[in-house]
2 protein chains.
Amino acid sequence: MTYYSRKLNDVFQALADPTRRAVLQRLSEGAASTLELARPFEMALPSFTRHLKMLEKFGLVKSKKSGRVRTYELAPKRLQAVEDWILERRKLWERRLDQLDAYLLTMKEDDHGQ
Amino acid sequence: MTYYSRKLNDVFQALADPTRRAVLQRLSEGAASTLELARPFEMALPSFTRHLKMLEKFGLVKSKKSGRVRTYELAPKRLQAVEDWILERRKLWERRLDQLDAYLLTMKEDDHGQ
DNA sequence: CTAACACTTAGGCTTTGCGCTAAGTGTTTG
DNA sequence: CAAACACTTAGCGCAAAGCCTAAGTGTTAG
């Protein structure tokens, strides 16, 4: 577990924006073109495509251009890093809380009547 | 599942910084004071305490000041939101990949000899 | 009661994030 | 081949992130 993980920084950063999360959600229902993806958003197109570029740069989606249409789909591998991190953290977390429980129990047993 | 979730934005944002992730890791081993937490980092103290404030503001840690020492500990509840989001996304993801598998199989069956 | 300690507040500086408009590129379609 | 289409590039503006130093504030030890 390194202090600095570029990959984790990037993926969390990518997920910190609601537009990008919504795009991932949409793509989980199937591939789509740039304009299809952009339609629900009120944003100007260049602003929107920056989000798509960011998602691709950080490995969360991939795209392919055919003719004048660019089609995007998910690249789920990268989300695994985040999931791993969370689950690992949660294990430590819960172990710690268990220890706290145990400690409080000890206190209680040692603590006769006051 | 709403398009805009302040809570998710905030938590992902909080986790996007390596210093803050390291603090969470350290705290998963037990509570600690501001200076104890700060020691491993080369950052100036005011810079570091801003990270702590952010973690607290977003509900990932909590603190209590007693005398001149402020002690921090984890507040694990909030991480659940992130975990939920990830796992939900993953379910959709995998269903989608399964569909793709099925589709490719269909193709293969329809595709006799070319 | 003074000095050290453990932060905390204030303010400044630079970089990055996220939005915009305007103009450009390459691909179809009539 | 001209016009419509689907992006793409360039460049600007503003706000927030993340770092710093300097100067507080309140607490405790000698």
Side-chain angles (χ1 to χ4, degrees), chain A residues 3-27 30-73 82, chain B residues 3-27 30-73 82:
Chain A
Y3 160 56
Y4 183 88
S5 161
R6 194 58 162 57
K7 193 161 50 172
L8 275 178
N9 291 353
D10 289 350
V11 178
F12 278 125
Q13 185 61 48
L15 296 177
D17 183 276
T19 301
R20 291 190 293 263
R21 286 201 308 278
V23 166
L24 291 178
Q25 164 127 4
R26 167 62 188 79
L27 287 181
S33 72
T34 303
L35 286 184
E36 276 167 25
L37 290 171
R39 196 164 304 130
F41 301 95
E42 285 172 7
M43 207 171 293
L45 191 60
S47 310
F48 184 75
T49 56
R50 282 176 70 89
H51 287 302
L52 294 178
K53 283 214 181 84
M54 188 168 170
L55 286 172
E56 185 158 31
K57 182 176 162 201
F58 294 164
L60 289 162
V61 306
K62 51 189 178 177
S63 77
K64 209 165 52 176
K65 194 159 190 177
S66 122
R68 62 190 175 185
V69 176
R70 182 176 292 279
T71 302
Y72 283 88
E73 60 178 318
V82 179
Chain B
Y3 161 56
Y4 184 87
S5 162
R6 193 60 161 55
K7 193 161 49 169
L8 275 178
N9 290 353
D10 289 350
V11 178
F12 278 125
Q13 186 61 48
L15 296 177
D17 183 274
T19 301
R20 292 190 294 263
R21 285 200 310 278
V23 166
L24 292 177
Q25 162 127 3
R26 166 64 188 79
L27 286 180
S33 72
T34 303
L35 286 184
E36 275 166 26
L37 291 172
R39 197 164 303 130
F41 300 94
E42 285 172 7
M43 207 171 291
L45 192 60
S47 310
F48 184 75
T49 57
R50 282 177 69 89
H51 286 301
L52 293 178
K53 284 214 180 84
M54 188 167 170
L55 286 172
E56 184 158 30
K57 182 177 163 202
F58 294 163
L60 289 162
V61 307
K62 51 189 177 176
S63 77
K64 208 164 54 175
K65 193 159 190 177
S66 124
R68 61 190 177 185
V69 176
R70 182 175 292 278
T71 303
Y72 284 88
E73 59 178 319
V82 179

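In what follows, chains carry the letters A, B, and so on, assigned in the order in which the sequence lines appear, proteins first and then strands, with residues in each chain numbered from 1.
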*When you match Y72(A) and Q13(A) each to their closest nucleotide on DNA chain D, which lands nearer the 5' end?*
Y72(A)

_Do R21(A) and L8(B) make a side-chain contact, defined as non-hydrogen atoms from C-beta onward lying under 4.5 Å apart?_
yes

_Is it the case that over 12 heavy atoms from other parts of the model lie below 6.0 angstrom from the CZ atom of R50(A)?_
no

*For DNA chain C, whose closest nucleotide is more 5', that of G67(A) or that of A16(A)?*
A16(A)

*Roughly how many Å is it from CD in E36(A) to C1' in dC5(D), rounded to a whole number?*
14 Å

*Does the pair R70(A) and T34(A) meet the rule for a side-chain hydrogen bond (donor to acceptor under 3.5 Å, both in side chains), with working shown?*
CA-CA 6 Å; R70(A) 182 176 292 279; T34(A) 303; 5.5 Å; no

*Roughly, in whole Å, what's the span from CE in M43(B) to C1' in dA17(D)?*
12 Å

*What is the distance, rounded to the nearest whole Å, between atom CZ of F41(A) and atom P of dC20(C)?*
13 Å

*Between dT8(C), dT21(C), dC18(C), which nucleotide gets closest to the side-chain atoms of L45(B)?*
dT8(C)

*dT9(C) phosphate, OP1 or OP2, under 4.0 Å from K53(B) side-chain N/O*: yes

*Give S47(A) one of three labels, base, sugar-phosphate or nothing, depending on what nucleic acid heavy atoms sit under 4.0 Å from its own.*
base

*With distance as the sole criterion, do the side chain of R68(B) and the base of dC7(C) form a donor-acceptor contact below 3.5 Å?*
no

*asked:* Measuring from atom CG of D10(B) to atom CG of L60(B), what distance do you get when rounded to the nearest 0.5 angstrom?
replied: 9.5 Å

*Of K62(A), E56(A), R26(A), E36(A), which meets side-chain contact (heavy atoms from CB on, under 4.5 Å) against Y72(A)?*
E56(A)

*asked:* If the cut-off is 4.0 Å, is S33(A) near the phosphate of dA6(D), judged by side-chain N/O to OP1 or OP2?
replied: no

*Hey, does the side chain of H51(A) come within less than 4.0 Å of dG19(C)'s phosphate (OP1/OP2), counting only N and O?*
yes

_Using whole Å, what does the distance between atom P of nucleotide dT8(D) and atom NZ of K65(A) come to?_
4 Å

_Of the options dT9(C), dA6(C), dC7(D), whose atoms approach the side-chain atoms of V69(A) most closely?_
dC7(D)

*Give the nucleotide from the list dT8(C), dA22(C), dG18(D) with an atom nearest to the side chain of P46(A).*
dA22(C)

*Rounded to the Å, how far apart are L52(B) CG and dG18(D) C1'?*
14 Å

*Where the side chain of T34(A) is defined as all heavy atoms beyond and including C-beta, which of dC7(D), dT21(D), dA6(C) is the nearest nucleotide?*
dC7(D)

*Nearest-Å distance for atom pair CZ/P, residues R50(A) and dG19(C)*: 9 Å

_Just to be sure I understand the rule, does T49(A) reach a base, reach only the sugar-phosphate, or reach nothing, if contact means heavy atoms closer than 4.0 Å?_
nothing

*Using atom CZ of F48(A) as one end and atom P of dC7(D) as the other, report the distance to the nearest whole Å.*
10 Å

_Spacing of K57(B) atom NZ relative to dT8(C) atom C1', expressed in whole Å_ = 17 Å

